[in-house]
Amino acid sequence: MAYSETKVVIGGLAHIPIIIGFFYLIRRQYSFGAMLRTGKNALSNKVTAPAKKSSPAPAKAFPAPAKASPAPAKASPAPPKVAASKKPHADVPVNTYKPKAPFTGTVTENYSALKEGAIGKVQHITFDLSGGDPEFKYVEGQSCGILAAGEDAKGKPHRPRLYSIASTRYGDNFEGNTLSLCVRQLQYEKDGETINGVCSTYLCNLSPGDKVKISGPVGKEMLLPDEEDSNIIMLATGTGIAPMRAYLRRMFEPTEIEKHQWNFKGKAWLFMGAPKTANLLYDDDFEHYKSKFPDNLRYTKAISREQKNIKGGRMYIQDRVLEHAEEIFNMIENPKTHIYLCGLKGMEPGIDEAMTTAAAAKGLDWSELRPKLRKAGRWHAETY
Ligand code: FAD
Ligand code: A2P
């Protein structure tokens, strides 16, 4: 009798770890959703601790987080601002100059952003914005409208085309009076004829001194968070790099840092998609930033016509996202992480598919998470 009672007690005790494990899994699932809703990491150490053990890669990629980027929760005692503030960026200028009454800027520079052997034509173009009344001011992540000279087939002025601003608010010369763009000339074949895009061709062929009608700035979708210890994941294809160039200059260009006193302390991770190595835009600058700030910047390239994905097809950024799925999701679990997507419209389904697979590996449903991230102001997408 005494023997069987002992057996019952031991049997009961043996179930305790199973029950604890069961409750842990339920709480974990609930907490991730709650974290996205509230912007607070309800998981606190519990999720990050096992993630570190099972995935040593992030530690390698950002090798000295203790000094360069202190544990986010400790570094900033009032973090909920990232997601909780109702009207973030309320003071960011929008539509200072409308398409009907545009600002006239002057081209100061127009040079190729490509290296020898690249496909197509991509130009880095800078405009002087001095003398505006009101002044033409913008911040990183905004776009502007360009009104090409001439008229359309109906004899009307060309409608404005939007371009992401590739410079920081201080401009490439750090004087706060210029704006730069990164423009690919649109060219396609139709009925055996080469068709040139109206506005992109106009922009790519401009010379210093030319006057250009510019509207804007527009957009608040792609703005950076204010917090210095935010983590920024960037997914870009082609000229989608334009806003990312502005972010990276703001974070890592020494004169920028001196100017604005905004000392980025988080992790930035750029995924860049280009057809060939020679098409990697601003690659030398980014490599330089990476060498100067190895703890804060990671740079992953998908070179579609030179590299192959695991299926033997062209290497796209979504393939790179899949390769690093666990690290990306570990970062997303931190409410200070923002994701920015910019470039070809066609990349969105591919990124979604990759995120769906990556989320599923963690027992999460991307179709539920994505809108929550968006609502929390942490998912920023601008594709065209
Ligand atoms: P258009 O003369 O307007 O010709 C475009 C039209 O050509 C298309 O609407 C389509 O009808 C047709 N067409 C295009 N390709 C083909 C094809 N293969 N076959 C048949 N028909 C075709 N562009 C950049 O280079 N850099 C940027 O930073 C940038 N940022 C942008 C930001 C935003 C928010 C948006 C919305 C767009 C951005 N663009 C950017 C794209 C830019 O606005 C223009 O759409 C692009 O430059 C083409 O304009 P275009 O006047 O040269 O072409
Ligand atoms: P590819 O053209 O080899 O198919 P660019 O604007 O300089 O051409 O760069 C765009 C990059 O995005 C290219 O490497 C292009 O590859 C790649 N790309 C094309 N379609 C997609 C897609 N659906 N998803 C992700 N990347 C894409």
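Order of listing sets the numbers, starting from 1, for every ligand and every atom in it. Fair warning: this is a prediction, and the values are worked out from it, not measured in the lab.
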Looking at Thr237, which atoms of ligand 2 are within less than 4.0 Å of one of its heavy atoms? 12 (O), 26 (N)
Is the shortest distance from a Lys or Arg side-chain nitrogen in Asp283 or Lys290 to a carboxylate oxygen in the other one below 4.0 Å? no
Short N or O distance, Thr383 and ligand 1, threshold 3.5 Å exclusive: no
Looking only at protein heavy atoms, which one is nearest to atom 25 (O) of ligand 1, and how far off is it? Arg184 N, 2.9 Å
Check: Leu162 N/O within less than 3.5 Å of ligand 1 N/O: yes
Report the part of Val198 in contact with ligand 1, treating N, CA, C, O as backbone and CB onward as side chain, heavy atoms under 4.0 Å; options are side chain, backbone, both, neither. both
Taking the six-membered ring for Trp, are the ring centroids of Trp269 and His324 within less than 6.0 Å of each other? yes
So if I apply the side-chain contact (heavy atoms from CB on, under 4.5 Å) rule between Ile125 and each of Leu179, Ile146, Val183, which one comes out positive? Val183
Fit a plane to each ring of Tyr97 and Phe103, take the angle between them on a 0 to 90° scale, and name the class: parallel (under 30°), tilted (30 to 60°) or perpendicular (over 60°). perpendicular
Leu344 heavy atom under 4.0 Å from ligand 2: yes
If you compare Gly145, Cys182, Ala148, Gly343 by their heavy atoms, the one closest to atom 26 (N) of ligand 1 turns out to be Cys182
Any idea which atoms of ligand 2 are less than 4.0 Å away from a heavy-atom of Ala274? 13 (C), 14 (O)
Within the 4.0 Å heavy-atom shell around Glu382, which atoms of ligand 1 are there? 34 (C)
Could you name the option among Ala113, Gly313, Gly240, Pro275 that has the heavy atom nearest to atom 13 (C) of ligand 2? Pro275
Starting from the C-alpha separation in whole Å, work towards a yes-or-no answer on side chain to side chain contact (heavy atoms under 4.5 Å, CB included) for Asn296 and Lys267. CA-CA 5 Å; Asn296 302 82; Lys267 315 287 188 201; 5.5 Å; no
Is the shortest N/O to N/O distance between Arg305 and ligand 2 below 3.5 Å? yes
Please write down residue, atom name and distance for the protein heavy atom closest to atom 23 (N) of ligand 2. Gly346 O, 3.0 Å
To which protein heavy atom is atom 17 (C) of ligand 2 closest, and what is the distance rounded to 0.1 Å? Tyr316 CE2, 3.7 Å
For atom 48 (C) of ligand 1, closest protein heavy-atom neighbour: Leu186 CD2, 4.1 Å
Which residue and non-hydrogen atom of the protein lie closest to atom 11 (C) of ligand 2, and at what distance in Å? Gly273 O, 3.8 Å
Going by the closest heavy atom to atom 47 (O) of ligand 1, which one wins out of Tyr163, Tyr202, Tyr384, Tyr188? Tyr163
Can you find a protein heavy atom closer to atom 17 (C) of ligand 1 than 4.0 Å? yes
Under 4.0 Å from one or more heavy atoms of Cys199, ligand 1 contributes atoms 50 (P), 51 (O), 52 (O)
Going by the order shown, which atoms of ligand 2 are within less than 4.0 Å of some heavy atom of Gly238? 5 (P), 6 (O), 7 (O), 9 (O), 10 (C)
Apply ring pair (Phe, Tyr, Trp, His ring centres under 6.0 Å) to Tyr340 and Tyr247, showing your working. CA-CA 11 Å; Tyr340 294 81; Tyr247 307 155; 5.0 Å; yes
Residue Arg159 vicinity, atoms of ligand 1 by number, heavy atom under 4.0 Å: 3 (O)
Distance-only side-chain donor-acceptor flag, Asn231 / Thr337, under 3.5 Å: yes
Step by step, would you call Tyr282 with His124 a ring pair (Phe, Tyr, Trp, His ring centres under 6.0 Å)? CA-CA 10 Å; Tyr282 312 109; His124 182 82; 5.5 Å; yes
Glu348 and Ala381 have their tightest heavy-atom pair at OE1-CB, 4.3 Å
Starting from atom 3 (O) of ligand 1, locate the nearest protein heavy atom and write down its residue, its atom name and how far away it is, to 0.1 Å. Arg161 NH2, 2.8 Å
Can a donor-acceptor pair be found between the side chains of Thr108 and Asp128 at a distance below 3.5 Å? no
For the backbone of Ile339 and the side chain of Arg378, can you confirm whether one donor and one acceptor N or O come within less than 3.5 Å of each other? no
Is it the case that over 12 heavy atoms from other parts of the model lie below 6.0 angstrom from the CD atom of Glu353? no
Given the protein's heavy atoms, is any one of them under 4.0 Å from atom 35 (C) of ligand 1? yes
For ligand 1, which atoms have a heavy atom of Val183 less than 4.0 angstrom away? 25 (O)
So which protein heavy atom does atom 25 (C) of ligand 2 come closest to, and at what separation? Gln318 OE1, 3.2 Å
Would you give the length of the straight line joining atom OG1 of Thr239 to atom CG of Leu181, rounded to the nearest 0.5 angstrom? 10.5 Å
Counting neighbours of CD on Glu135 that are heavy atoms of other residues, nucleotides or ligands and sit closer than 6.0 Å, is the number greater than 12? no
Ligand 1 to Asn196 polar contact by distance, N or O atoms, under 3.5 Å: no
Does the pair Arg298/Glu327 count as a salt bridge with the N-to-O cut at 4.0 Å? yes
Protein heavy atom at shortest distance from atom 8 (O) of ligand 2: Arg184 NH2, 3.7 Å
Shortest protein heavy-atom distance from atom 52 (O) of ligand 1, along with the residue and atom involved: Ser200 OG, 2.6 Å
Could you tell me whether Glu140 and Arg169 have a side-chain N and a carboxylate O separated by less than 4.0 Å? yes
Measure from atom 28 (O) of ligand 1 to every heavy atom in Ser164, Cys204, Gly197 and give the option owning the shortest one. Ser164
Atom 7 (O) of ligand 1 touched by protein (heavy atom, under 4.0 Å): yes
Pairing residues for Arg159 by the side-chain hydrogen bond (donor to acceptor under 3.5 Å, both in side chains) criterion, not counting sequence neighbours: none
Atoms of ligand 2 less than 4.0 Å from Ser304 heavy atoms? 1 (P), 3 (O), 13 (C), 14 (O), 15 (C), 16 (O)
